[in-house]
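What you see is a predicted model, and the numbers here were worked out from it, not measured in a lab.
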Amino acid sequence: MKHMLQCKRLRFLSVFAVVLLAAQSTAFAQTQAGLQIRMDQQVVYCDATMNKDEETFFHLLQDGIPVTTIWKIKVSKLREYWLNKKIAEIVVIHRVVPDLLSRSWMLIDETSGISRRIYSRDELYRFLSRLENLSVLDRSLLLEQTAYQMSVSVVIEHGEVSDAWWSDLWTSVDAEFVKEFSLP
């Protein structure tokens with residue numbers, strides 16, 4: 001009886017240690033990812049980096065399955081006693097279609113319609129996991145001494161992306177970043 005109780009305690013402690021280590025690795029991974037907001041005289045820009053393991057993308061692409069990242073950027077004016085007022089909402093869609101015959105990938109920015117063929121895994125990973133120097137909105141739309149919030153959510157789709165109205169009902173967000181800012 002005493003031996004069974006010790007085994008249960010040991011099992012509980014080992015499960016607890018695994019959960020604790022997983023939580024620490026998740027917290028570390030979130031520190032690698034993030035959202036940066038920059039401004040010049042006319043435009044507000046954002047840089048967003050999603051921290052996903054490269055193998056999550058390459059495993060599917062090696063099997064010939066297209067991978068799409070859908071980035072939704074929202075800018076809102078913060079309000080104390082009411083819901084935040086939406087200023088801008090942008091959707092950026094990056095799609096990668098593998099070509100198993102030539103061992104290359106077609107990178108398609110569905111927002112702009114620009115596509116290109118690449119052979120580099122690093123460039124592929126960068127395309128799927130980052131938004132760099134994205135111009136979000138005109139700075140003249142913002143008021144001075146006012147707090148704003150930018151949120152970026154990322155959904156990773158595997159295979160063909162459905163355009164049906166109900167497809168947004170059960171999508172789950174793979175990464176989400178929120179940052180407050182104001183005009184300098």
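- Its side chain within the 4.5 Å cluster rule, Val43 clusters with Tyr45 among the Ile, Leu, Val, Met, Phe, Trp and Tyr residues.
- Counting heavy atoms of neighbouring residues, nucleotides and ligands inside a 6.0 Å radius, atom CZ of Arg103 does not exceed 12 of them.
- Considering Arg126, Arg38, Lys179, Arg130 as possible partners of Asp47, the one that fulfils the salt bridge (charged side-chain N to carboxylate O under 4.0 Å, His left out) test is Arg38.
- In summary, the side chains of Asp138 and Ser140 do present a donor paired with an acceptor at a separation below 3.5 Å, with no hydrogens or angles considered.
- Checking side-chain atoms of Tyr119 against main-chain N and O of Ser102 turns up no donor-acceptor pair under 3.5 Å.
- Considering only heavy atoms from C-beta on, Leu61 comes within 4.5 Å of Leu124 through its side chain.
- Distance check, rounded to the nearest 0.5 Å: CG of Asn84 to NZ of Lys77 gives 10.5 Å.
- Between Lys74 and Glu176, no side-chain nitrogen of the basic residue sits less than 4.0 Å from a carboxylate oxygen of the acidic one, so the salt-bridge criterion is not met.
- The side-chain heavy atoms of Val91 and Thr111, taken from C-beta on, include no pair separated by under 4.5 Å.
- With sequence neighbours excluded, no residue forms a salt bridge (charged side-chain N to carboxylate O under 4.0 Å, His left out) with Glu80.
- Side-chain contacts under 4.5 Å among hydrophobic residues (ILVMFWY), followed directly or transitively, place Ile114 with no other residue at all.
- Side-chain heavy-atom separations under 4.5 angstrom define the hydrophobic clusters, and the remaining members of the one that includes Trp82 are Leu83.
- Residues Trp71 and Met50 meet the side-chain proximity criterion, which asks for heavy atoms closer than 4.5 Å.
- Taking a 4.5 Å side-chain heavy-atom cut-off between Ile, Leu, Val, Met, Phe, Trp and Tyr, the cluster of Val178 contains only that residue.
- Counting non-hydrogen atoms of neighbouring residues, nucleotides and ligands closer than 6.0 angstrom, the CD atom of Glu144 reaches no more than 12 such neighbours.
- Applying the ring pair (Phe, Tyr, Trp, His ring centres under 6.0 Å) rule to pairs touching residues 141-160 yields Tyr148-Phe181, sequence neighbours excluded.
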